[in-house]
Amino acid sequence: MAEMWINMGPQHPMTHGLWNLRVKVDGETIVDAVPEVGYLHRGIEKLCEGKTYTQVIPITDRLCYGSSMTWSHLYCTTVEDLMDLEVPERARYIRVVAIEMQRIASHLMWLAAYAGDLGMSVGFTYTMRDREVFVDLLQALTGARLTYNYPRIGGVAHDLPPNFERDTMRALKYMEMRLQEYEDLFEGSKIFMMRNVGIGILRSDDAVNLGITGPSLRASGVSYDLRKDRPYEAYEDMDFKVATHKDGDCYARYRVRMDEMWESCKIIRQAIQKMPSGKWRVVAPRNGPVGTGFGRVEDPRGEGTMYVVGDGSDKPYRLKIRSPIFVTVSAAPTILVGYKVADVVAIMGGLDMCIGENDR
Amino acid sequence: MNLYEFCYGILHWLVDLVNNLWYWLGDTLPWYFGDFFTAVGDFAASSGHLQFMTLLLESLVIIIVALINVLNFLWIFRKLSGRILDFYGPYYVGYRIGGWLQNLADGMKLFIKEIIVPAKADKTGFVLAPVIFVGSSLLILATIPLSENFGLSTSRDGGGVPAPALFALAMFAIAPFTILLAGWSSNNKYTLIGGMRSAAQMMSYEIPLILCVASVFLLAGSFDFVDIVAAQHDIWFAIPLFIGFIVFLVCLIAEVEIIPFDLPEAEAELVEGWTTEYGGMRFGLFYMTTAVRSYAGGALATALFLGGWQGPAIIPDEIWFLIKAYIVYVVFMWLTWSVPRVRIDQMLKLGWRRLLPLAMLNLLIAAALKTMGWF
Amino acid sequence: MKDKGGATAGQALMFRSKDFLKWSDETMEYLLRKSPVGAGIDLVTKDFFNWATRNSLYFLHFGIMCCALEMAVASAPRFDQQRFGIIPRSSPRQCDILLVNGPVSKKLKPALRRLYDQMPEPKWVVAMGECAISGGPFYNSYSVVPGVDQFIPVDVYIPGCPARPEALIDGFLKLQKMIKENKKGLLTGR
Amino acid sequence: MSEGGRANSAGARDMETAPSRIDANPEDRVLRALAETFPKGVSDGEKVRPGLIRARVDRAELYSACRTLRDSLGFEHISMISAVEYDNRFEVVYHISSYGSRLVIELIASTPKDDPSVDSVSSIWGGANWQEREAYDLMGIVFKNHPKLERILLPKDVMYHPLRKDFKG
């Protein structure tokens with residue numbers, strides 16, 4: 001059968017954002033895949049060189065819009081490492097609460113897009129409706145729905161709003177009941193399992209060599225979670241389980257993300273209970289020192305790292321951003337080869353693409 | 001007093017009204033003009049002309065009733081999806097009647113959009129595909145009677161259509177060819193794939209469908225809907241042939257391309273399947289035809305398996321038929337909105353490996369029942 | 001046939017079939033466009049078709065950046081936009097609105113322009129969010145086109161970064177009002 | 001622009017006071033192993049904070065250093081490749097992390113201003129492929145024997161490298 005290049009163009013309901021996957025097809029099975037990115041390249045690293053340290057925070061919010069809190073927090077930890085600042089205790093706890101809420105909202109957004117791709121519109125609407133619960137909580141905390149601009153260098157922008165703890169506890173109870181319902185909805189449906197089990201298998205040594213991190217790596221059996229292995233902020237006194245799965249197919253990636261949502265609920269509950277009082281921010285000096293800073297954070301999509309070089313002025317000399325999705329997309333051909341064209345939806349959906357951080 | 005006599009009566013009265021004008025003209029004008037008008041009057045009153053006109057009027061009435069039901073189906077499609085997916089569905093369009101005018105607005109908007117024919121497309125095929133698609137689907141509706149005396153095929157003494165059930169299934173089977181034609185003629189690699197997939201899906205689900213219907217014919221002993229429904233007088237065919245009924249519904253879902261078997265339309269690499277290049281009213285025709293075909297499917301299911309218009313007499317027969325057709329459609333929609341899409345090879349495997357043997361088994365059961373003499 | 005329109009019935013008999021088709025097109029064209037018959041039809045159907053166009057706007061399912069999430073949330077249960085008959089469709093042929101909801105990079109510009117050209121005629125463009133209006137936080141970037149209206153005519157601008165779902169629905173309603181105001185007949189354009 | 005090293009508090013947490021069990025602090029075990037195998041290639045290795053060590057590596061020794069890091073010292077995952085442009089030189093900074101000992105090493109390879117070319121490590125780690133292409137695309141660093149070194153983010157016909165200081169955009 002003649003081999004044919006199929007072009008899943010930039011404008012496509014399957015892709016979450018703007019990237020183009022050219023797939024070489026022999027009949028139905030995929031022979032080769034070439035992802036094309038760069039449709040959303042905004043030159044963020046060049047922009048950051050022209051802005052002062054605090055002006056860069058809104059830019060890093062718009063890196064990956066699905067989990068903007070984790071990205072601006074990553075930037076703040078990098079600059080704190082550069083300036084060698086000690087963040088007050090209360091700010092570390094507030095940051096953990098905000099990050100975990102963002103993780104749940106990001107995983108729910110992924111679940112909605114994934115169910116929508118597989119044709120299950122019930123999954124799409126229910127998860128979108130329940131994501132609103134956390135978006136409202138984050139809106140109460142930070143004032144914005146999606147790009148929060150909440151972390152600051154040396155702490156957080158402002159303290160928790162009144163009776164924030166009561167709303168969070170109520171939301172967590174609601175969420176746990178909903179998560180149970182999703183598991184019955186998704187795993188109960190035979191067709192969903194038919195489309196997921198045994199599709200897009202990624203062996204653990206391939207995943208490590210290709211640099212895939214986050215839920216996709218843990219789904220292949222490598223239990224490596226930055227929050228547990230190199231705890232930052234207030235994660236060392238939270239006890240939670242790292243969600244892993246062994247066989248690395250689409251179902252495993254779905255399963256790992258669902259477990260992570262359960263764990264995040266637990267973490268938020270502990271963080272709210274152990275929340276110390278006191279200062280929530282340290283005023284950072286305007287000019288950064290000469291030197292380099294390196295930050296590493298567990299983003300809902302993988303391991304996000306930043307490397308900042310300070311030259312003594314109030315602007316970063318160079319800011320390098322490592323996006324987990326940039327590496328996962330580069331690994332797409334090795335996962336896709338050998339599966340059917342119809343599986344591209346499930347495999348690519350399972351890797352939770354967020355093109356904003358990919359193209360920077 | 002069936003539909004044919006009703007239309008015949010109306011037309012007869014109308015023709016008499018007009019004729020006395022012709023005859024008056026025929027008498028007053030001089031001979032060479034007058035004869036022409038009297039000849040027109042005689043022709044109008046002749047039985048052949050009357051019969052032809054009543055058939056036209058009758059099919060017009062049936063098509064109007066069908067299209068109103070189709071609009072209702074489109075409304076159910078949007079409103080029920082709202083209920084299942086937890087939002088309102090169309091609400092502000094046609095405010096007090098619950099958004100029923102939304103489909104009208106969609107249709108008319110598509111009606112006035114610019115007609116685009118892609119430059120490299122094969123013009124005749126591109127234009128012809130929607131016409132045949134809509135035509136064949138509406139023909140199915142013509143043959144399915146709503147009750148003894150409300151149907152095109154039942155009303156004439158000699159019986160209009162020789163074997164209406166077979167004719168309806170034949171019309172159902174025309175659609176794959178038009179979809180192939182549409183996919184090929186819009187000259188776009190993805191629509192071609194979509195067209196081929198859709199044709200493969202429909203063909204592979206046509207055979208179990210026909211086998212189940214064959215088992216119904218076997219029990220009922222005739223191809224005419226009226227006899228089939230009469231045969232279901234004491235027990236509906238859905239009960240003895242339950243396997244056949246389930247296989248029939250699944251094949252109908254594949255035939256009408258609803259979500260679990262929605263392959264050609266919303267696949268990974270096909271943006272919109274074989275309707276990608278169609279815009280304006282041509283897309284409107286395709287969109288409406290899916291509703292027409294689901295109405296026809298529902299009507300077939302009720303006529304063949306659920307004892308068409310049998311029901312306690314308090315409700316007129318036609319209403320019984322429509323109630324059952326709507327219930328079948330609601331079950332379709334309920335399934336559609338809660339199940340994800342099947343992959344193409346899984347679907348074909350399901351078709352050939354699961355449904356075909358079940359349909360065979362159902363045929364055996366029907367044959368056994370027949371030889372036992374219970375039917 | 002040289003003379004344009006208005007050929008007498010006698011001439012019609014002598015045409016070859018192709019010329020006859022051309023002749024009938026011309027007379028229909030004259031009849032509907034310029035003569036009072038077209039104006040009459042317009043007068044009757046103008047309101048109805050305008051109501052139809054207004055109440056069923058399909059926008060293109062095409063997300064660029066964070067406003068795309070807000071677009072998805074707008075069609076989710078809480079800010080339900082299906083109540084107004086606004087549905088996302090995935091093929092440009094069947095859409096009325098091109099919703100641009102993010103920064104347009106220079107690499108994307110030709111693709112977006114082609115999408116705009118593929119859409120059938122009564123079409124509108126809604127620029128959602130600061131990035132589409134003026135390039136937003138990336139206005140001075142080397143690879144972002146500052147504002148969609150540089151290469152596509154835009155009808156409605158929706159501010160906000162990202163624009164809230166309520167603002168998106170409000171933008172659609174304003175577009176509906178705009179369609180209602182400049183109502184014009186189909187045939188004669190009056 | 002002074003040397004990239006950190007001036008202030010690195011000395012406070014020096015290594016001698018840490019307990020000397022071998023796997024207790026893997027940082028100096030790795031540094032010692034590197035210093036032995038590459039006496040002149042790897043220079044001024046230091047421990048920045050628990051879990052992060054830094055070392056400068058000569059451009060020629062880079063490939064072999066990375067291969068030993070992966071094979072013998074268990075650094076399986078390359079996290080980030082960043083290209084930084086200083087006044088008199090380019091620096092390509094490799095952040096390589098090891099899952100076993102939960103450690104990140106920051107390898108800095110500096111190249112002269114006029115010839116910014118380094119050996120490609122994409123044959124050692126698959127994840128490095130696209131990051132090297134991005135460094136080439138935005139900063140213009142040539143990675144020798146890279147399987148497919150071409151632009152990835154910018155359109156193919158663009159001639160400039162935007163992250164260079166001389167590019168005003």
Side-chain angles (χ1 to χ4, degrees), chain A residues 34-43 45-47 49-50 81-82 84 205-213 217 222-224 226 228-230 232 289-294 296 303-309 311-312 317-324 326-331 334 358-360, chain D residues 1-10 48-52 54 70 76-87 91 93 95 97 99-104 106 108 122 124-131 133-135 137-139 148 151-156 162-165 167-169:
Chain A
V34 173
E36 269 175 38
V37 282
Y39 287 96
L40 197 56
H41 178 60
R42 309 166 293 247
E45 285 159 1
K46 184 77 178 178
L47 281 182
E49 282 157 16
D81 176 35
L82 171 72
D84 223 355
D205 49 5
D206 277 353
V208 167
N209 189 314
L210 290 174
I212 294 179
T213 52
L217 178 71
V222 180
S223 84
Y224 177 75
L226 274 174
K228 205 60 148 172
D229 297 339
R230 191 52 69 183
Y232 49 94
V290 170
T292 68
F294 174 70
R296 226 161 150 242
E303 168 210 54
T305 55
M306 271 192 194
Y307 177 69
V308 67
V309 176
D311 63 350
Y317 180 74
R318 166 77 164 104
L319 176 71
K320 168 72 170 107
I321 300 156
R322 187 254 191 201
S323 123
F326 189 66
V327 181
T328 320
V329 169
S330 73
T334 50
N358 177 340
D359 297 347
R360 280 178 299 282
Chain D
M1 246 304 292
S2 73
E3 194 53 41
R6 292 265 308 243
N8 38 38
S9 72
V48 176
R49 56 185 160 130
L52 177 64
R54 174 180 298 127
R70 189 189 70 145
E76 313 97 340
H77 164 60
I78 183 156
S79 172
M80 184 159 69
I81 299 175
S82 0
V84 186
E85 180 196 4
Y86 291 99
D87 305 342
E91 269 194 8
V93 183
H95 285 89
S97 73
Y99 291 152
S101 52
R102 297 201 304 274
L103 198 60
V104 172
E106 195 178 292
I108 303 167
S122 57
I124 303 172
W125 294 288
N129 189 329
W130 269 31
Q131 310 216 18
R133 278 179 63 184
E134 189 216 349
D137 186 359
L138 298 184
M139 192 62 99
K148 197 168 75 113
R151 287 191 177 270
I152 187 161
L153 289 179
L154 294 174
K156 294 285 185 290
L163 282 180
R164 290 275 176 92
K165 290 301 171 196
F167 172 77
K168 281 299 159 275

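In what follows, chains carry the letters A, B, and so on, assigned in the order in which the sequence lines appear, proteins first and then strands, with residues in each chain numbered from 1.
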Give me the atom names and distance for the closest heavy-atom approach of K165(D) to Y317(A).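 Closest approach of K165(D) to Y317(A), heavy atoms only: NZ-O, 3.1 Å.
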Residue pair I212(A) / Y99(D): nearest heavy atoms and the distance that separates them: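 Residues I212(A) and Y99(D), closest heavy atoms: O-OH, 4.3 Å.
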Just checking, any donor-acceptor pair under 3.5 angstrom between side chains of T292(A) and R54(D)?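 Indeed, the side chains of T292(A) and R54(D) share at least one donor-acceptor pair under 3.5 Å.
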Check side chain to side chain donor-acceptor pair (under 3.5 Å) between S79(D) and all other residues, then give those that pass, not counting sequence neighbours.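 By the side chain to side chain donor-acceptor pair (under 3.5 Å) rule, S79(D) matches E303(A).
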Does Y224(A) have any side chain to side chain donor-acceptor pair (under 3.5 Å) partners at least two apart in sequence or in another chain, and if so, which?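 With sequence neighbours excluded, Y224(A) shows a side chain to side chain donor-acceptor pair (under 3.5 Å) to R296(A), given in chain and number order.
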What part of [X] is in contact with chain D, defined as an atom under 4.5 angstrom from a non-hydrogen atom: side chain, backbone, both or neither?
| X | result |
| --- | --- |
| T213(A) | side chain |
| L217(A) | side chain |
| V327(A) | side chain |

So which residue, L52(D), V93(D), N129(D), L154(D), ends up with the most heavy-atom pairs under 4.5 Å with chain A?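 Result: the option with the highest number of such pairs is V93(D).
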Test item: [X] and [Y] side chains (from C-beta on) under 4.5 Å apart, heavy atoms:
| X | Y | answer |
| --- | --- | --- |
| T305(A) | H95(D) | no |
| V104(D) | R230(A) | no |
| F326(A) | L153(D) | yes |

E106(D) versus chain A, the contacting section by heavy-atom distance below 4.5 Å: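 For E106(D), the side chain is the part near chain A, not the backbone.
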Kindly say whether E85(D) contributes a backbone atom to a donor-acceptor pair with the side chain of R318(A) at under 3.5 angstrom?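 It does not hold such a pair.
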Taking the side chain from K46(A) and the backbone from F167(D), do they hold a donor-acceptor pair closer than 3.5 Å?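 Checking the backbone N and O of F167(D) against the side chain of K46(A), a donor-acceptor pair under 3.5 Å is found.
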Nearest 0.5 angstrom please: E134(D) CD to S323(A) OG, how far?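 Answer for the CD-OG pair, E134(D) versus S323(A), is 9.0 Å.
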Between E49(A), E36(A), M306(A), K320(A), who has the most heavy-atom pairs with chain D when the cutoff is under 4.5 Å?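 Winner by heavy-atom pair count: K320(A).
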